[in-house]
Amino acid sequence: LMFAYDKWWSGELSVGSLAVLPISALSTDPEIGYLADSITEGLIGELGRIEGLSVISRTSSNRYRTTDLGVPDIAGELGVDALIEGSVQPLDDALKIEVRLVDGSSDRQLWSGTYEPDWGGVRTAQGRIVRDVAETIRIDLTPETEAQLARHQEISPQAFRYWVLGNHHLFENDDEAYANALRAFHSALEFEPGFAEAYAGIAQVHAYQAGWFGSDSAAAALPLAKEAADKALKLDPGLAVAHYTLGIVRYYSWDWEGAESAFRAGVRLSRSVSGFPGGSTGEVEFANFLAAMGRSVEAVAIAAEAVEIDPHSTVPLNELGLALELDGQTDAALKMYERALAMDPNDIQTNAMMAHFLIRAGSPDEAIPYVEALAKATAPMSPTMQSQTAYLYGLIGRERRAGDVLELLEVQAESEYVPSVAFAFIYLGMGDHEETLNWLEAAYAERDISLVWLRAAPWFDALRDYPRFRNLVARMNFPD
């Protein structure tokens with residue numbers, strides 16, 4: 001690892017907060033672009049380990065990927081003392097990473113550094129950058145932080161390249177992307193069999209494939225997710241993302257006690273050493289679990305923390321909105337959904353949440369534009385997501401449109417797996433409760449992840465007087 005750096009400062013520095021702006025890729029090669037994103041996330045996570053330093057989440061800083069705003073304006077909007085800017089480009093057989101720390105109020109450069117690792121040394125370079133920044137702003141790293149930085153030893157360059165590629169595909173939320181991510185993570189392990197983060201990535205893919213955006217059954221995907229998460233934690237017990245992913249797997253597998261234990265372990269690790277590298281994902285999932293368990297007060301608290309971590313992301317806002325709604329704070333919930341829509345009017349989850357909210361509030365006509373927006377977005381998506389649109393169509397009286405989706409999924413089910421819960425949602429929206437219960441029984445046999453909401457979700461309220469439904473809830477063995 002080659003590096004060189006210079007520093008400039010005068011007087012007493014006061015940097016208690018900073019944001020890492022998206023690292024620029026000085027290359028047309030998509031792989032360098034993926035690497036730039038990975039370095040951005042890595043620096044945010046590693047700098048977040050520094051005790052006494054507040055680091056803005058990736059989602060918040062990512063808004064400035066392309067902007068005409070100057071440093072003082074960006075720092076002012078984010079409420080930070082300083083910004084980190086940088087770039088990465090290929091350099092013969094290595095890489096050239098340039099980073100600079102800039103004062104947020106004056107745009108004065110406080111420090112700059114140049115590092116020339118190969119692909120396998122990128123994480124080591126990130127650790128060096130963190131130490132150099134800490135030295136510049138005169139913050140001593142704790143032994144715990146030093147130990148965490150020391151975990152990232154140089155690895156096979158090929159393994160790291162595949163891991164970066166896998167992370168790029170991981171959050172694209174469709175089956176093709178999940179397949180690409182899985183291939184990349186497995187390829188990384190061929191070059192570096194002890195790569196804990198690659199196992200964590202495999203666990204995430206399989207967990208998401210069992211989720212609402214995926215098309216695998218829980219029975220097929222979740223055992224694979226658990227196996228990979230367990231391997232990741234055996235290799236690195238301090239890997240917060242592996243704990244969170246194991247929490248998701250246990251939650252989806254109806255292991256309530258095990259899920260809470262894993263989520264709490266992930267929260268504890270993220271609070272002690274860093275924020276979750278991708279933002280608030282762990283807190284959002286934990287809040288979702290608490291809400292499904294009927295613990296709305298706790299869910300509100302955790303979801304509020306997620307919003308604080310990622311104030312410019314729609315995902316934690318929607319989760320907080322749902323938790324507030326379940327806690328009876330409907331006015332506050334509506335404000336969260338409105339904030340999320342203001343950020344991204346086309347967001348799938350936000351349009352679905354707003355449509356649900358307005359229908360439950362007795363305003364189905366006001367829900368129509370949100371249902372239509374959801375329909376445009378979900379047509380090519382997973383059966384479960386398509387069924388959500390059909391469910392909402394049924395609730396607003398457009399049963400023909402709901403029936404169109406039903407026919408499509410019935411045809412699809414002749415040649416590939418369509419979860420039974422998708423049909424349950426459609427019949428629920430159309431008001432056919434007996435057929436809904438038939439499909440929910442089938443979903444129970446499939447151990448579908450959507451059934452985690454049987455006890456707490458308001459969308460099942462229409463079924464609560466049915467003995468068959470009460471029996472189904474009892475069989476879920478929800479905690480008291």
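Only this structure's heavy atoms are used, side chains among them; waters, hydrogens and symmetry mates stay out.
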Subject >> Side-chain donor or acceptor of Arg401 paired with backbone N/O of Arg398 under 3.5 Å >> reply: no
**OP:** Before giving the answer on side-chain contact (heavy atoms from CB on, under 4.5 Å), spell out for Glu283 and Glu308 the whole-Å C-alpha distance, their side-chain angles and the decisive distance to 0.1 Å.
**Re:** CA-CA 11 Å; Glu283 284 78 4; Glu308 185 177 353; over 6 Å; no
Original post:
Measuring from Thr384:OG1 to Leu409:CG, what's the distance to the nearest 0.5 Å?
Top reply: 9.0 Å
Subject >> Side-chain donor or acceptor of Asp81 paired with backbone N/O of Gly16 under 3.5 Å >> reply: yes
Subject >> Separation of Glu435 CD from Phe423 CZ (nearest 0.5 Å) >> reply: 10.5 Å
Subject >> Basic-acidic side-chain contact under 4.0 Å: Arg264, Glu298 >> reply: yes
**OP:** Specify whether Tyr244 and Phe263 have parallel, tilted or perpendicular ring planes, treating 30° as the upper limit for parallel and 60° as the lower limit for perpendicular.
**Re:** tilted
**OP:** For Ser27 and Ile32, indicate whether the former's side chain and the latter's backbone hold a donor-acceptor pair under 3.5 Å.
**Re:** no
Original post:
Would you call Lys376-Glu372 a salt bridge at under 4.0 Å N-O?
Top reply: no
Original post:
Do you see a donor-acceptor pair shorter than 3.5 Å between the side chains of Asn471 and Arg468?
Top reply: no
Subject >> Pairwise distance OH(Tyr199) to CG(Leu233) - rounded to 0.5 angstrom >> reply: 13.0 Å
**OP:** Give the C-alpha distance, both sets of side-chain angles, the deciding distance and a yes or no for side-chain contact (heavy atoms from CB on, under 4.5 Å) between Arg339 and Val307.
**Re:** CA-CA 11 Å; Arg339 278 180 59 184; Val307 171; 4.2 Å; yes
Original post:
Would you call Val205 and Tyr208 a side-chain contact if the rule is heavy atoms closer than 4.5 Å?
Top reply: no
Original post:
Is the closest side-chain heavy-atom distance between Val99 and Ile84 below 4.5 Å?
Top reply: yes
**OP:** Please confirm whether the backbone N or O of Asp255 pairs with a side-chain atom of Ser253, one donor and one acceptor, at under 3.5 Å?
**Re:** no
Original post:
Do Leu334 and Phe357 have side chains that get closer than 4.5 Å, going by heavy atoms?
Top reply: yes
Subject >> Exam field: side chain Ser363 to backbone Ile359, donor-acceptor pair closer than 3.5 Å >> reply: no
Original post:
What are the two closest non-hydrogen atoms of Ala188 and Phe195, and how far apart are they?
Top reply: CB-CD1, 4.2 Å
Original post:
Taking it one step at a time, do Thr350 and Asn318 satisfy side chain to side chain donor-acceptor pair (under 3.5 Å)?
Top reply: CA-CA 6 Å; Thr350 309; Asn318 288 325; 2.9 Å; yes
Subject >> Minimum side-chain heavy-atom gap Leu454-Phe478 below 4.5 Å >> reply: yes
**OP:** Verify the neighbour count for atom CD of Glu416: are there more than 12 heavy atoms of other residues, nucleotides or ligands below 6.0 Å?
**Re:** yes
**OP:** Please assess Glu325 against Gln329 for the test side chain to side chain donor-acceptor pair (under 3.5 Å), listing each intermediate value before the final yes or no.
**Re:** CA-CA 5 Å; Glu325 192 176 351; Gln329 302 182 53; over 6 Å; no
Original post:
In chain order, what residues pass the side-chain contact (heavy atoms from CB on, under 4.5 Å) check against Val315, with sequence neighbours excluded?
Top reply: Val284, Ser313, Gln349
**OP:** Kindly write out the residues that satisfy ring pair (Phe, Tyr, Trp, His ring centres under 6.0 Å) with Phe160, not counting sequence neighbours, or none if the list is empty.
**Re:** Trp163
**OP:** Compare every heavy atom of Ser17 with every heavy atom of Leu53, then report the nearest pair and how far apart it is.
**Re:** CD1-N, 3.9 Å
Original post:
Does a side-chain heavy-atom distance below 4.5 Å link Glu305 with Phe286?
Top reply: no
Subject >> Beyond-backbone contact of Leu170 with Asn167, side-chain heavy atoms, under 4.5 angstrom >> reply: yes
**OP:** In plain terms, say whether Lys335 and Asp331 are close enough for a salt bridge, that is, a side-chain N and a carboxylate O under 4.0 Å apart.
**Re:** no
**OP:** Might you point out which heavy atoms bring Pro311 and Leu317 nearest each other, and give the distance in Å?
**Re:** O-CD1, 4.5 Å
Original post:
Once you round to the nearest 0.5 Å, how far does CD of Gln204 lie from CG of Leu246?
Top reply: 12.0 Å
Original post:
So which heavy atom on Trp254 is nearest to which on Val452, and how close?
Top reply: CD1-CG1, 3.9 Å
**OP:** Verify, without hydrogens or angle tests, whether Ser61 (side chain) and Val20 (backbone) share a donor-acceptor contact under 3.5 angstrom.
**Re:** yes
Original post:
Is the gap between the ring centers of Phe185 and His206 under 6.0 Å?
Top reply: no
Subject >> Main-chain N/O of Asp432 paired with Thr436 side-chain donor or acceptor, under 3.5 Å >> reply: yes
Original post:
Does NZ or CZ of Arg250 fall inside the cone over Trp256's six-membered ring, less than 6.0 Å from its centre and within 45° of the axis?
Top reply: no
**OP:** Report the residue from His168, Arg58, Arg65 that forms a side chain to side chain donor-acceptor pair (under 3.5 Å) with Asp37.
**Re:** Arg65
**OP:** Could you tell me whether the side chain of Glu77 reaches within less than 4.5 Å of the side chain of Ile74, counting heavy atoms only?
**Re:** no
Subject >> pair Ile56-Leu18: side-chain heavy atoms closer than 4.5 Å >> reply: no
Original post:
How many angstroms lie between CD1 in Ile97 and OG in Ser87, if you round to the nearest 0.5 Å?
Top reply: 9.0 Å
Subject >> Heavy-atom donor-acceptor pair, Arg455 side chain to Met293 backbone, under 3.5 Å >> reply: yes
Subject >> Heavy-atom closest contact (Tyr393 atom, Ala375 atom, distance) >> reply: OH-CB, 3.5 Å
**OP:** Check the pair Asn288, Tyr251 against side chain to side chain donor-acceptor pair (under 3.5 Å), reporting the backbone distance first and the verdict last.
**Re:** CA-CA 10 Å; Asn288 189 271; Tyr251 175 30; 2.7 Å; yes
Original post:
Hey, is the main chain of Ser420 close enough, under 3.5 Å, to the side chain of Glu446 for a donor-acceptor pair?
Top reply: yes
Original post:
Got a second to check how far Leu395's CG is from Met430's CE, nearest 0.5 Å?
Top reply: 11.0 Å
**OP:** Identify which one of Glu197, Glu41, Glu46 satisfies the salt bridge (charged side-chain N to carboxylate O under 4.0 Å, His left out) criterion when paired with Arg123.
**Re:** Glu197
Subject >> Residue Glu434 excluded, over 12 heavy atoms near CD under 6.0 Å >> reply: yes
**OP:** Please test Ile426 against Trp439 for side-chain contact (heavy atoms from CB on, under 4.5 Å), starting from the C-alpha separation and ending with a verdict.
**Re:** CA-CA 10 Å; Ile426 296 175; Trp439 283 105; over 6 Å; no
**OP:** Take Tyr466 and His433, measure what ring pair (Phe, Tyr, Trp, His ring centres under 6.0 Å) needs, and give me the verdict at the end.
**Re:** CA-CA 9 Å; Tyr466 287 81; His433 295 164; 5.7 Å; yes
Subject >> Intermediate values then yes/no, side-chain contact (heavy atoms from CB on, under 4.5 Å), Leu406 and Tyr427 >> reply: CA-CA 9 Å; Leu406 176 61; Tyr427 282 111; 3.7 Å; yes
**OP:** Looking only at non-hydrogen atoms, find the nearest pair between Ser450 and Val421 and report the distance.
**Re:** CB-CG2, 3.7 Å
Original post:
Are the side chain of Thr40 and the backbone N or O of Ile23 linked by a donor-acceptor pair below 3.5 Å?
Top reply: yes
